[in-house]
Amino acid sequence: MKRTRVVEALHAKNPLEQILIKGWVRTRRDARGFSFLEINDGSCLKNVQIIVDESVPAFAALKDVNTGAAVAVEGQLVKSPGKGQKWEVHATDLNLLGPADPHTYPLQKKRHSDEFLRTIAHLRPRTNKYGALYRIRSESAFAFHRYFRDRGFYYLHTPIITGSDCEGAGELFRVTTLPVDSTGEKQEALTTETDFFGQEASLAVSGQLEAELAACALSDVYTFGPTFRAENSNTPRHVAEFWMIEPEMAFADLQDNMDLGEDLIKNVTTDVMDNCREDLELFARFVDKNLMQTLDAITGQTYERLSYTEAVDILTRAKIQFEFPVEYGFDLQTEHERYLCEETFKKPVIVYDYPKEIKPFYMRLNEDDKTVAAMDLLVPRVGELIGGSQREERYDVLNGRIIENGINADDYWWYLDIRRFGTVPHAGFGLGFERFLMMITGISNIRDVIPFPRTPKHLEF
Ligand code: 4AD
Ligand code: MG
């Protein structure tokens, strides 16, 4: 018999004579002559209730059907007389597929802390909260793809192993096949020339540079892939491995870029709110009571746009004491970004035209010679969600910026070449997928929106 998913059973139109349900036991309650099982198979937040009475052959063995065990149940789907559910299953047969020892199974009926659940990341998707999160994560990924596909953007796969440092921040994980000696140190005699690629290689911090090449042929492209940063900072907003969505548009300037960022977030957020209502309600109830209000502000309002200079002006006049003082020429910290969104404007904010010294070489130099056409899109509670810019399309200016930044121009000959043949204004940005999930669920630690987080000194699972 074909397995009926719990979500299908719960949304059935009519009673069903014979169905097969498989899943994991959330609870078992015993009464005289029968037992209630709550079963979940991850297809939705709700469990299906199973009633097993003495007529079922396995009734005597029910004592081994404990929380965490996997079971297969055959039976009839009937109207439930109980409160809180429309349907229940009257079992005619039950099979214990995989037992779970009730004394060692770590998930009990009570609520567990996020910190504890991180230590059992292999089991946490079996809780309501993380099951909901996994489903929202999946739906969100599709919503991004749908958004771009509907607008003629092509999905581009950029390399994960790379020889260039896009952001120039030196946060690279090296990739090497050089053997290590007994002390764990790289052997002196072996050099990069003898290494696999014959040159230094690392994991990509961004797919942008390659996305630019493709945009200068296909006009509108986007990437959606894993990126890696060896930032040795333990913050609730940084992980060493995260997923980034990077659209890149030819024939576009900073204005177009800001418009795309705002439209993208509004559309995808609306899409996820429509498709994951039940799961999102869990977060609005247990994680962030103001979640729906925040999301309404994100989808329903025009985002504030102001220059870096204006932002610094507001922040230096702020009546609160920041941990990091604000000064023109310094990068904005999360506390500043959140102040602008949460206190000043009470909605998302786009800050543009940053001083060139604090931004990478590829951003387009403005007329003032001091700032670049950068944009960061900031959202309440999270801070920076998007970072992007119009790109420097003028060969000589780009070459100058490369030299100024102490970068070896020879390594970027292909990037410069695009500026020699049919160069056009183009722009794009990177959106941190985990930051988006923090925004949409209200979860405040990035370790809890990615199934298996990688952070300094943590590489379990
Ligand atoms: O601002 P970033 O560094 O921009 C770039 O990498 C550009 N090359 C993107 C582009 O223009 N195509 O990173 C983009 C976004 C950030 O705004 C943030 O949301 C996320 O990526 N991000 C991280 N997310 C989780 N953990 C980290 N360590 C992150 N670093 C950046
Ligand atoms: Mg950034």
Side-chain angles (χ1 to χ4, degrees), residues 140 144 148 153 156 158 162 164-173 203-215 220-249 252 254 256-258 260-261 264-265 308 331-334 336-338 341 348-352 354 358-364 372-379 381-392 415 426-440 443-450 453-456 458:
S140 300
F144 278 106
F148 288 118
F153 283 68
L156 174 75
T158 51
T162 161
S164 52
D165 177 4
C166 173
E167 293 305 292
E171 293 159 346
L172 303 172
F173 282 105
L203 297 177
V205 297
S206 161
Q208 178 200 320
L209 303 188
E210 291 87 355
E212 284 187 50
L213 311 180
D220 296 316
V221 298
Y222 73 102
T223 73
F224 191 163
T227 41
F228 306 87
R229 294 195 187 178
E231 263 168 301
N232 200 4
S233 53
N234 258 311
T235 83
R237 286 172 187 77
H238 292 88
V239 270
E241 176 181 288
F242 62 100
W243 287 67
M244 199 172 5
I245 295 147
E246 296 182 90
E248 190 71 33
M249 303 176 284
L254 190 67
D256 300 315
N257 213 26
M258 294 195 243
L260 180 71
L264 172 68
I265 292 171
Y308 169 88
D331 212 355
L332 302 183
Q333 303 291 325
T334 303
H336 309 133
E337 297 170 341
R338 290 187 58 180
C341 292
V349 173
I350 302 177
V351 180
Y352 58 86
Y354 284 71
I358 56 172
K359 290 291 182 187
F361 72 95
Y362 55 72
M363 295 190 176
R364 192 178 197 279
V372 287
M375 55 162 259
D376 277 6
L377 193 155
L378 321 172
V379 295
R381 300 189 61 259
V382 175
E384 180 187 340
L385 171 62
I386 283 180
S389 72
Q390 185 172 338
R391 318 306 186 186
E392 186 53 76
Y415 190 69
H426 60 288
F429 58 77
L431 180 153
F433 187 50
E434 283 72 23
R435 302 258 179 105
F436 173 84
L437 291 169
M438 291 172 74
M439 179 195 89
I440 203 142
I443 287 179
S444 55
N445 195 315
I446 197 165
R447 290 165 182 77
D448 300 328
V449 295
I450 187 163
R454 272 75 178 96
T455 53
H458 282 100

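Below, each value reflects all heavy atoms present in this structure, side chains not excepted, and no hydrogens, waters or symmetry copies. For ligands, and for the atoms within them, numbers begin at 1 and follow the listed sequence. Positions are given from 1, in the same order as the sequence printed here.
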**Study point:** Salt-bridge present (Arg391, Glu248; N to O < 4.0 Å)
**Key:** yes
Check your understanding: Do Phe144 and Phe436 have ring centroids that are under 6.0 Å from one another?
Key -> yes
Review point. In terms of side-chain heavy atoms, does Gln208 have a donor or acceptor partner in Tyr362 at a distance below 3.5 Å?
Key: yes
Practice item. Spell out the protein N/O/S atoms under 2.8 Å from the Mg ion (ligand 2) as residue plus atom name. Key: Glu384 OE2
Practice item. Might you work through the side chain to side chain contact (heavy atoms under 4.5 Å, CB included) test for Phe242 and Phe433, ending with a clear yes or no? Key: CA-CA 7 Å; Phe242 62 100; Phe433 187 50; over 6 Å; no
Check your understanding: Cut-off 3.5 Å, side chains only: do Glu246 and Ser206 have a donor facing an acceptor?
Key -> yes
Check your understanding: Should Leu437 and Ser140 count as side-chain neighbours, where that means a heavy-atom distance under 4.5 Å?
Key -> yes
Exercise for review: Check whether the ring centres of Phe228 and Phe173 lie less than 6.0 Å apart, and answer yes or no.
Suggested key: no
Review point. When rounded to the nearest 0.5 angstrom, what is the spacing between CD in Glu210 and OH in Tyr415?
Key: 10.0 Å
Point to revise | Straight-line distance of Asn445 CG to Glu434 CD, nearest 0.5 Å | key: 12.0 Å
Revision key, fill the gap. Sorted by chain and residue number, the residues with a non-hydrogen atom under 4.0 Å of ligand 1 are Cys166, Glu167, Ser206, Gln208, Arg229, Glu231, Arg237, His238, Val239, Phe242, Met244, Glu246, Tyr362, Glu384, Leu385, Ile386, Gly387, Gly388, Arg391, Gly428, Phe429, Gly430, Gly432, Arg435, Ile446
